[in-house]
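Chain letters run A, B, ... following the sequence lines, proteins first, then strands; residues in each count from 1.
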Amino acid sequence: MDDLSQVLKARREKLEALRARGIEPFAYNYDPTHHAAGVVSAFEEAETAGELSEDGDGATVRLAGRVVAWRAHGKSIFAHLEDASGRLQLYFKKDVLGDARFADLELLDLGDWLGVEGPVFRTRMGEVTVRVRSWTLLAKSLRPLPFGKVETDPETGERRVHSGFTDTEARYRQRYADLAVHPEVRAVFRTRARVVAELRRFLDDEGFLEVETPALQPLYGGASARPFVTVHNALERTMFLRIADELYLKRLIVGGMDRVYEISKDFRNEGIDRFHNPEFTMLEWYQAFTDYEDQMDLVERMVTHVVERVTGADFLTFGDHEIRVTRPFRRIRLLDALSDALASDVRDMGEGELRRRAEDLSIPELAGAGRGKLIDKLFGELVEPTLVQPTFVLDYPRELSPLAKPRRDDAAGTTERFELYIAGVEMFNGFSELNDPLDQRERFEGQARLRAEGDDEAQQIDEDYIRALEYGMPPTGGVGMGVDRLVMLLTNQSSIRDVILFPVLRADE
RNA sequence: GACCCGGUAGCUCAGUUGGCAGAGCAACAGACUUUUAAUCUGUAGGUCCUGGGUUCGAUCCCCAGCCGGGUCACCA
């Protein structure tokens with residue numbers, strides 16, 4: 001115990017003192033009648049209706065939360081208690097509580113969980129407050145939370161936090177402390193839950209069936225990415241964590257489940273930055289008898305639905321950008337947009353000229369890039385950052401899209417595929433699904449050749465998937481979407497780590 | 001993976017051209033029965049990220065490493 005810092009020691013001493021006074025520092029339950037926000041609204045209603053007592057008291061309430069501010073004045077104390085709904089002021093008076101119970105308050109600290117009961121009133125300064133008649137310690141906090149001091153500007157009502165908890169690393173590693181002292185962080189994750197709920201509601205209403213497919217797979221596929229590899233001991237075989245749901249969901253379409261979706265954790269063994277976490281949440285859906293045009297329409301309806309339901313508006317603020325979320329979204333063809341940017345028709349350019357153009361722009365890592373990859377690199381450099389307003393980019397090169405159908409009227413080697421960009425970030429990716437098993441086998445073989453040449457992100461041949469296609473898959477449109485990125489957009493967070501409760505970090509120690 | 005920035009009290013940060021380590025908040029003791037960044041008086045609190053090196057002496061300079069952030073690369 002000698003190695004504890006003085007702040008930790010002080011709290012343990014209080015814990016012993018509480019027990020010595022017969023106070024259990026870790027209660028078993030409590031029965032609150034209200035949340036903080038509900039107390040305020042109920043009091044204000046009673047006030048308006050003239051239902052307060054002669055001395056201005058409203059109803060008696062019970063409230064439970066964490067002590068987040070404490071101002072002792074000798075024989076009276078003001079404090080703030082915060083619960084899931086917000087914070088409320090408490091007023092403790094020695095002549096209300098009695099000498100002994102008032103003295104016991106000395107053993108409380110910021111961060112303690114407390115239940116209080118008493119009538120609600122409005123202080124001289126106008127703040128709705130509980131005059132505490134009795135209190136119950138629910139859980140002693142033995143480690144000080146990094147509370148800042150919250151100042152409210154009396155004129156603007158603006159909140160300023162002093163000496164807050166800003167160490168980014170500590171906030172991610174100790175998310176519990178981050179959440180405990182930052183109501184706005186809790187709000188981000190409430191919004192996240194609503195986004196996911198609205199995505200579900202939208203697809204359910206469209207007649208989709210939610211399904212679950214394996215996260216642990218003998219063969220991975222459906223995207224270009226390196227997997228996490230693990231071992232099943234009893235089966236004595238290598239297994240992979242999924243990088244995408246795609247191939248399993250389309251097997252279900254073959255099986256006659258004509259509208260399916262899955263919200264899943266996917267895992268990609270790649271770098272980490274503000275748009276990438278190694279495990280992330282993906283939504284994928286597949287709808288029989290539709291093509292990518294139908295799916296663009298569905299995506300537009302889905303995005304406007306979610307934005308409207310979550311924010312109540314038809315626009316978003318993301319960083320410096322004001323983003324209008326109104327249908328229809330802009331649509332550009334990839335090769336047209338790139339040709340405009342290069343002031344020359346990409347369809348007429350061979351691999352050599354594309355490479356020269358890329359080199360002119362000092363785009364790195366061009367070694368081994370084929371025509372499709374070069375087009376993609378140039379597009380990423382020249383066009384993507386300009387796609388701030390919602391924009392569908394159409395018709396990707398076949399080399400980049402081994403699971404997409406060829407464009408029906410185009411011999412130039414493009415596929416019926418779109419990506420939806422918002423705020424310069426790829427949010428959705430959909431296509432008319434390739435359902436010709438012979439073509440699919442050729443595409444897989446092409447991927448296998450890339451793999452043999454050292455592309456460790458190329459896909460493997462999935463014979464079972466080809467067998468499924470041979471039984472016959474109806475024309476199908478499918479879409480994948482990064483849920484975390486959509487949440488970033490809707491909560492105006494610049495890092496994916498700020499919308500994932502426990503982002504991947506290096507081991508600490 | 002490359003480069004840049006950072007790591008000092010529970011939190012937020014100063015600082016030392018290399019010489020006993022500083023502030024505010026939090027803590028502790030005291031005063032104060034309508035305060036709200038409460039106020040006032042006093043006290044205590046440190047592996048200056050880790051390991052080497054240089055030096056009479058390193059938190060500071062050098063080297064290596066760890067962790068984080070940012071930018072880039074990777075990630076269709």
Side-chain angles (χ1 to χ4, degrees), chain A residues 3-11 13-14 68-80 87 89-97 102 106 109-111 121-127 129 131 141-154 159-173 177 181 223-226 243 268-278 280 334 362-365 369 372-373 375-377 379-380 384 393 396-397 399-404 415 417 419 426 429 431 456-459 480 482 494-495 497 503 505-509:
Chain A
D3 56 341
L4 291 177
S5 76
Q6 69 165 6
V7 287
L8 298 185
K9 263 188 221 163
R11 295 207 173 191
E13 285 163 11
K14 287 181 183 176
V68 296
W70 193 264
R71 297 178 295 281
H73 296 76
K75 298 187 181 62
S76 72
I77 297 168
F78 285 95
H80 275 93
R87 51 176 63 191
Q89 182 164 259
L90 307 180
Y91 183 42
F92 299 92
K93 277 177 83 171
K94 191 170 188 176
D95 56 11
V96 171
L97 288 166
F102 190 81
E106 288 170 10
D109 286 294
L110 288 183
F121 72 109
R122 195 180 278 282
T123 64
R124 195 177 292 165
M125 300 299 287
E127 183 163 348
T129 301
R131 181 181 292 111
S141 165
L142 292 182
R143 182 179 292 273
L145 280 164
F147 287 111
K149 288 204 160 191
V150 179
E151 178 186 23
T152 309
D153 189 303
R159 270 169 51 108
R160 277 196 294 272
V161 177
H162 300 264
S163 311
F165 184 41
T166 60
D167 183 306
T168 321
E169 177 180 358
R171 288 182 46 217
Y172 295 144
R173 287 195 194 282
V181 305
S224 302
R226 276 176 293 172
I243 59 172
R268 296 187 183 176
N269 207 338
E270 285 155 0
I272 298 175
D273 64 29
R274 69 198 182 91
F275 290 110
H276 298 84
N277 194 61
F280 61 102
L334 188 150
S362 315
I363 297 175
E365 304 287 328
K373 191 90 175 170
I375 287 173
D376 187 58
K377 288 273 188 185
F379 183 81
E384 265 183 34
V393 177
Y396 282 70
E399 305 94 287
L400 299 176
S401 315
L403 298 163
T415 54
R417 172 179 172 192
E419 292 195 350
E426 176 199 334
N429 176 25
F431 30 92
D456 54 4
E457 287 166 0
Q459 302 195 33
S494 60
S495 171
R497 293 186 184 101
L505 299 172
R506 277 176 215 273
D508 181 25
E509 271 152 355

Pairwise N/O distances under 3.5 Å, protein to nucleotides 31-36 of chain B:
residue: B:C32; atom: N3; partner: A:Gly74; partner atom: N; Å: 3.2
residue: B:C32; atom: N4; partner: A:Gly74; partner atom: N; Å: 3.2
residue: B:U33; atom: OP2; partner: A:Lys75; partner atom: N; Å: 3.3
residue: B:U33; atom: O4'; partner: A:Ser76; partner atom: OG; Å: 3.4
residue: B:U33; atom: N3; partner: A:Asp95; partner atom: OD2; Å: 3.4
residue: B:U34; atom: O2'; partner: A:Arg124; partner atom: NE; Å: 3.2
residue: B:U34; atom: O2'; partner: A:Arg124; partner atom: NH1; Å: 2.9
residue: B:U34; atom: O2; partner: A:Arg124; partner atom: N; Å: 2.8
residue: B:U35; atom: O2'; partner: A:His73; partner atom: NE2; Å: 3.3
residue: B:U35; atom: O2; partner: A:Arg71; partner atom: NE; Å: 3.0
residue: B:U35; atom: O2; partner: A:Arg71; partner atom: NH2; Å: 2.8
residue: B:U35; atom: O2; partner: A:Gln89; partner atom: OE1; Å: 3.2
residue: B:U35; atom: N3; partner: A:Gln89; partner atom: OE1; Å: 2.9
residue: B:U35; atom: N3; partner: A:Gln89; partner atom: NE2; Å: 3.0
residue: B:U35; atom: O4; partner: A:Gln89; partner atom: NE2; Å: 2.8
residue: B:U35; atom: O4; partner: A:Thr123; partner atom: OG1; Å: 2.7
residue: B:U36; atom: O4'; partner: A:Arg71; partner atom: NE; Å: 3.0
residue: B:U36; atom: O2; partner: A:Gln89; partner atom: OE1; Å: 3.4
residue: B:U36; atom: O2; partner: A:Glu127; partner atom: OE1; Å: 3.0
residue: B:U36; atom: N3; partner: A:Glu127; partner atom: OE1; Å: 2.8

ask   = Base, sugar-phosphate alone, or nothing: which one does A:Arg143 contact when heavy atoms must sit under 4.0 Å apart?
value =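 Answer is nothing: A:Arg143 stays at 4.0 Å or more from every strand.
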
When the distance from [atom1] of [X] to [atom2] of [N] is rounded to whole Å, what number comes out?
{"X": "A:Glu151", "N": "B:U12", "atom1": "CD", "atom2": "C1'", "value": "16 Å"}
{"X": "A:Lys14", "N": "B:A26", "atom1": "NZ", "atom2": "C1'", "value": "11 Å"}
{"X": "A:Trp70", "N": "B:A27", "atom1": "CH2", "atom2": "P", "value": "11 Å"}
{"X": "A:Ile272", "N": "B:G70", "atom1": "CD1", "atom2": "C1'", "value": "15 Å"}
{"X": "A:Leu110", "N": "B:C28", "atom1": "CG", "atom2": "C1'", "value": "14 Å"}
{"X": "A:Glu270", "N": "B:G1", "atom1": "CD", "atom2": "P", "value": "15 Å"}
{"X": "A:Arg274", "N": "B:A73", "atom1": "CZ", "atom2": "P", "value": "12 Å"}
{"X": "A:Glu384", "N": "B:A73", "atom1": "CD", "atom2": "C1'", "value": "15 Å"}

Say we look at [N] and [M]: how far apart would their [atom1] atoms be, to the nearest angstrom?
{"N": "B:U39", "M": "B:U55", "atom1": "C1'", "value": "50 Å"}
{"N": "B:G53", "M": "B:A9", "atom1": "C1'", "value": "29 Å"}
{"N": "B:G7", "M": "B:C11", "atom1": "P", "value": "14 Å"}
{"N": "B:G42", "M": "B:G51", "atom1": "P", "value": "38 Å"}
{"N": "B:A2", "M": "B:C48", "atom1": "C1'", "value": "29 Å"}
{"N": "B:G22", "M": "B:G46", "atom1": "P", "value": "13 Å"}
{"N": "B:A73", "M": "B:C3", "atom1": "P", "value": "16 Å"}
{"N": "B:C60", "M": "B:C28", "atom1": "C1'", "value": "32 Å"}

What residues, two or more places apart in sequence or in another chain, satisfy salt bridge (charged side-chain N to carboxylate O under 4.0 Å, His left out) together with [X]?
{"X": "A:Glu426", "result": "none"}
{"X": "A:Glu13", "result": "none"}
{"X": "A:Arg268", "result": "none"}
{"X": "A:Arg11", "result": "A:Asp109"}

Note, A:Arg71 side chain near A:His80 side chain (heavy atom, < 4.5 Å) = yes

inquiry  = Any heavy-atom pair between the side chains of A:Thr415 and A:Pro397 that's under 4.5 Å?
reply    =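 No - every pair of side-chain heavy atoms lies 4.5 Å or more apart.
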
Restricting to side chain to side chain donor-acceptor pair (under 3.5 Å), what partner residues turn up for [X], sequence neighbours left out?
{"X": "A:Glu419", "answer": "A:Tyr396, A:Arg417, A:Tyr421"}
{"X": "A:Tyr91", "answer": "none"}
{"X": "A:Asp167", "answer": "none"}

Taking only the side-chain heavy atoms of [X] (C-beta and beyond), determine which of [options] contains the nearest atom.
{"X": "A:Ala223", "options": "B:G69, B:A76, B:U12", "answer": "B:A76"}
{"X": "A:Lys149", "options": "B:U12, B:C28, B:A26", "answer": "B:A26"}
{"X": "A:Arg497", "options": "B:G69, B:A27, B:C13", "answer": "B:G69"}

request  = Decide yes or no on side chain to side chain contact (heavy atoms under 4.5 Å, CB included) for A:Lys93 and A:Ile77, but give the supporting numbers first.
outcome  = CA-CA 7 Å; A:Lys93 277 177 83 171; A:Ile77 297 168; over 6 Å; no

key: Any A:Arg11 side-chain N or O less than 4.0 Å from OP1/OP2 of B:G10   = no

query = Does the side chain of A:Arg173 get closer than 4.0 angstrom to OP1 or OP2 of B:G68 through an N or O atom?
reply =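 For A:Arg173, the contact criterion (side-chain N or O under 4.0 Å from OP1 or OP2 of B:G68) is met.
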
Counterpart base for [N], defined by Watson-Crick or G-U wobble contacts under 3.5 Å:
{"N": "B:U55", "value": "none"}
{"N": "B:A27", "value": "B:U43"}
{"N": "B:G68", "value": "B:C5"}

key: Nearest non-hydrogen partners of A:Phe102 and A:Phe92, listed with the distance   =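 Taking every non-hydrogen atom into account, CE1-O, 3.8 Å.
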
RNA chain B: 5'-proximal contact among A:Leu145 and A:Asp273 (nearest heavy atom) = A:Leu145

key: Under 4.0 Å protein heavy-atom contact, by nucleotide of nucleotides 44-50 of chain B - B base, S sugar-phosphate only   = BS-----

message = Let's test your reading of the model: under 3.5 Å, does the base of B:A76 pair with the side chain of A:Arg417 as donor and acceptor?
response =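 Between B:A76 and A:Arg417, which were checked side chain against base, a qualifying N/O pair under 3.5 Å is present.
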
